[in-house]
Amino acid sequence: MSDYLTFEQASEFLKTPASTLYRWVREGTVPGHKFGRQWRFRRDELEAALLGNVASDPAPIQPLAEFLRARGGTMQIEQWQTPSGIAEGLIWDAVDHGAQVIHLSPSGDGHELKYRGEAGLEPLLHLPRETFDALDDAWTTVSREVQGPNRRRIYVARGEGDDTQRVQVKYQRIETLSGPRITLRLIQESNFPPSFARIAPDGTDAATLERWASKPHGLVLVAGRSGSGKTTTAYVCLNHLAASGENVVFTIEEEVGMYLHGVNQVEVNLDDERAYREAFSSIFASDLDVLFIASTFAQRHRSTLWGTALSAAESGHLVFVQMEADSAEDALQKFRAAVDRPFDDHLVGAVWQELLPNDSGNGRHARYEFVRGPLDA
């Protein structure tokens, strides 16, 4: 192999994004050689740069490290000494303080760090531009692209064995008039119990849900009005199916609400019929057993979504379809009108739910309404 590397090869060799390598070359931190309009890099000089810890200089990010330590961060000492460790520490700090979203928005000569939790948006710290750049470089290095370089996924975990805690982070970068802005959405792994008693206090309702989730094949409609908890009911069923280790479980969702361990969750723009069909075809070719389709956001294409759901059920798979409806019967009528072909022989049942306040006034509970299909006879 040549002793000279191209720009792309050097970026891969240093395990750093192209934007960072450009900055290092401009600053003279990494030696580069210009041949015409092309940059070339000597392998031995890059190796020397690595030995000098060029790719892991923590200085720009140290103000954030001090802030996180003061808040009681749980990272190990060696992790606080690298940009990637500090960037991960910020994610865990947000998790530990109950945040669902991290905002880094441009402000003056730097960026404002804010968390969004149940109490709203919480301003925390002003970060210099170099700290923002170091964070962005660290997240870009450890993430993978989803729909282009400005939409990425970061996966972090801590603990061991049954105590392992996992978080999936949805990274989005957008250029605004004031400068680049980063939003990190934190999706924690589900801690749903295998029992259905948590979501259905009525024993008969819980037994029906568990029985339907144990069917080898068929169609289950999970319906309700907006905010009724139907996604939670579906997730508990999927978690139950994945926990056995005997099923390959997939979802197709516009926005994943919670990371389910053992479930293959796929996000798709459901307004893009072509994107949905491509995702469905890929999933169908992946030897699946169970499929969940969240169709709430796909009013224009629900005939396509529900038609493919029925096809999957006809092929011997267990399929859950989440939808909005005013009753279980209404869900069946809407599905029947959209697919325009018989499906009763493949129906496990339709469940509709609403959330009602508890008698104590503390919290809410689900009230379920079931219509049993021929496969639950």
All heavy atoms of A312 vs all of V319, minimum pair found to be CB-CG2, 3.7 Å
Donor + acceptor pair across side chains of R144, Y155 (<3.5 Å)
yes
Is the closest side-chain heavy-atom distance between V95 and L186 below 4.5 Å?
yes
How about T304 and E273: does a side-chain donor come under 3.5 Å of a side-chain acceptor?
yes
I252 and L270 have their tightest heavy-atom pair at CG2-CD2, 4.1 Å
Co-membership, hydrophobic cluster, residues L305 and V266, 4.5 Å side-chain
yes
Quick one: do D289 and V249 satisfy side-chain contact (heavy atoms from CB on, under 4.5 Å)? Show the steps, please.
CA-CA 6 Å; D289 298 297; V249 183; over 6 Å; no
Give the ring-plane orientation class for F335 versus W306, where under 30° counts as parallel, over 60° as perpendicular and anything between as tilted.
parallel
State whether a side-chain donor-acceptor pair under 3.5 Å links Y368 with T233.
yes
Please report the closest heavy-atom contact between L375 and K215, naming both atoms and the distance.
O-NZ, 3.1 Å
Transitive ILVMFWY side-chain link Y235 to W352, under 4.5 Å
no
Side-chain donor or acceptor of N150 paired with backbone N/O of Q172 under 3.5 Å:
no
Identify whether the distance between the nearest side-chain nitrogen and carboxylate oxygen of E175 and R173 falls below 4.0 Å.
yes
Do V351 and L221 touch side chain to side chain, with heavy atoms closer than 4.5 Å?
no
Would you check if there is a donor-acceptor pair between the side chains of S295 and Q322 at a distance under 3.5 Å?
no
Are V101 and L68 connected, step by step, through hydrophobic side chains (Ile, Leu, Val, Met, Phe, Trp, Tyr) whose heavy atoms are closer than 4.5 Å?
no
Could you check whether atom CZ of R274 has more than 12 heavy atoms from other residues, nucleotides or ligands sitting under 6.0 Å from it?
no
Give a yes or no on whether the backbone of L288 and the side-chain of S286 come within a donor-acceptor separation of less than 3.5 Å.
no
Under the 3.5 angstrom rule, does the side chain of Q9 hit a backbone N or O of T6 as a donor-acceptor pair?
yes
With heavy-atom distances below 4.5 Å as the criterion, would you say the side chains of T176 and P106 are in contact?
yes
Whether the side chain of S244 engages the backbone of E246 through a donor-acceptor N/O pair (distance < 3.5 Å, no angle test) should be reported.
yes
Looking only at non-hydrogen atoms, find the nearest pair between F280 and T308 and report the distance.
CZ-O, 3.4 Å
Would you call L5 and R43 a side-chain contact if the rule is heavy atoms closer than 4.5 Å?
yes
Verify whether the ring centers belonging to H240 and F196 lie closer than 6.0 Å.
yes
Test: salt bridge (Lys or Arg N to Asp or Glu O under 4.0 Å). Region: residues 222-238. Which pairs qualify, not counting sequence neighbours?
R225-D326
Counting heavy atoms not belonging to R153, are there more than 12 under 6.0 Å from its CZ?
yes
Distance-only, no hydrogens or angles: does the Q100 side chain make a donor-acceptor pair with backbone N or O of G98 under 3.5 Å?
yes
Within the structure provided, determine whether L135 and L127 are in side-chain contact (heavy-atom separation under 4.5 Å).
yes
Side-chain ion pair, R211 and D376, N-O less than 4.0 Å:
yes
State plainly whether one hydrophobic cluster holds both I91 and Y171, where clusters connect Ile, Leu, Val, Met, Phe, Trp and Tyr through side-chain heavy atoms under 4.5 angstrom apart.
yes
Between R341 and S311, what is the shortest heavy-atom contact and its length?
NH2-OG, 3.2 Å
Salt bridge or not between E329 and R336? Use side-chain N to carboxylate O under 4.0 Å.
no
Please test V220 against L347 for side-chain contact (heavy atoms from CB on, under 4.5 Å), starting from the C-alpha separation and ending with a verdict.
CA-CA 7 Å; V220 179; L347 180 66; over 6 Å; no
Test: R42 cationic atom under 6.0 Å from Y4 six-membered ring centre, within 45° of axis:
yes
Would you call E112 and P123 a side-chain contact if the rule is heavy atoms closer than 4.5 Å?
no
Given the side-chain rings of W212 and F320, with only the six-membered ring counted for Trp, is the space between their centroids under 6.0 Å?
no
Return the minimal non-hydrogen interatomic distance between A275 and N269, and the atom names on each side.
CB-O, 4.4 Å
Just verifying a value: how many Å separate Q188 CD and L260 CG, rounded to the nearest 0.5 Å?
12.5 Å
Establish, yes or no, whether a centroid distance under 6.0 Å links the rings of F7 and W39.
no
Can you confirm whether F370 sits close enough to D205 that some side-chain heavy atom of one is under 4.5 Å from a side-chain heavy atom of the other?
yes
Would you say R181 has more than 12 foreign heavy atoms packed within less than 6.0 Å of its CZ?
yes
In terms of relative ring orientation, are Y115 and H97 parallel, tilted or perpendicular, with 30° and 60° separating the classes?
tilted
Please check if the distance between the ring centroids of F292 and F250 is under 6.0 Å.
no
Strictly by modelled atom types, are D133 and H111 linked by a side-chain donor-acceptor pair under 3.5 Å?
no
V222, L209: one ILVMFWY side-chain cluster at the under-4.5 Å cut-off?
yes
Ion pair present between E267 and K170, side-chain N to carboxylate O less than 4.0 angstrom?
yes
Does any part of the side chain of H103, heavy atoms only, come nearer than 4.5 Å to the side chain of L113, both counted from C-beta?
no
Dump the intermediate steps for salt bridge (charged side-chain N to carboxylate O under 4.0 Å, His left out) on D96 and R158, then the final yes or no.
CA-CA 12 Å; D96 292 340; R158 63 182 177 184; 2.5 Å; yes
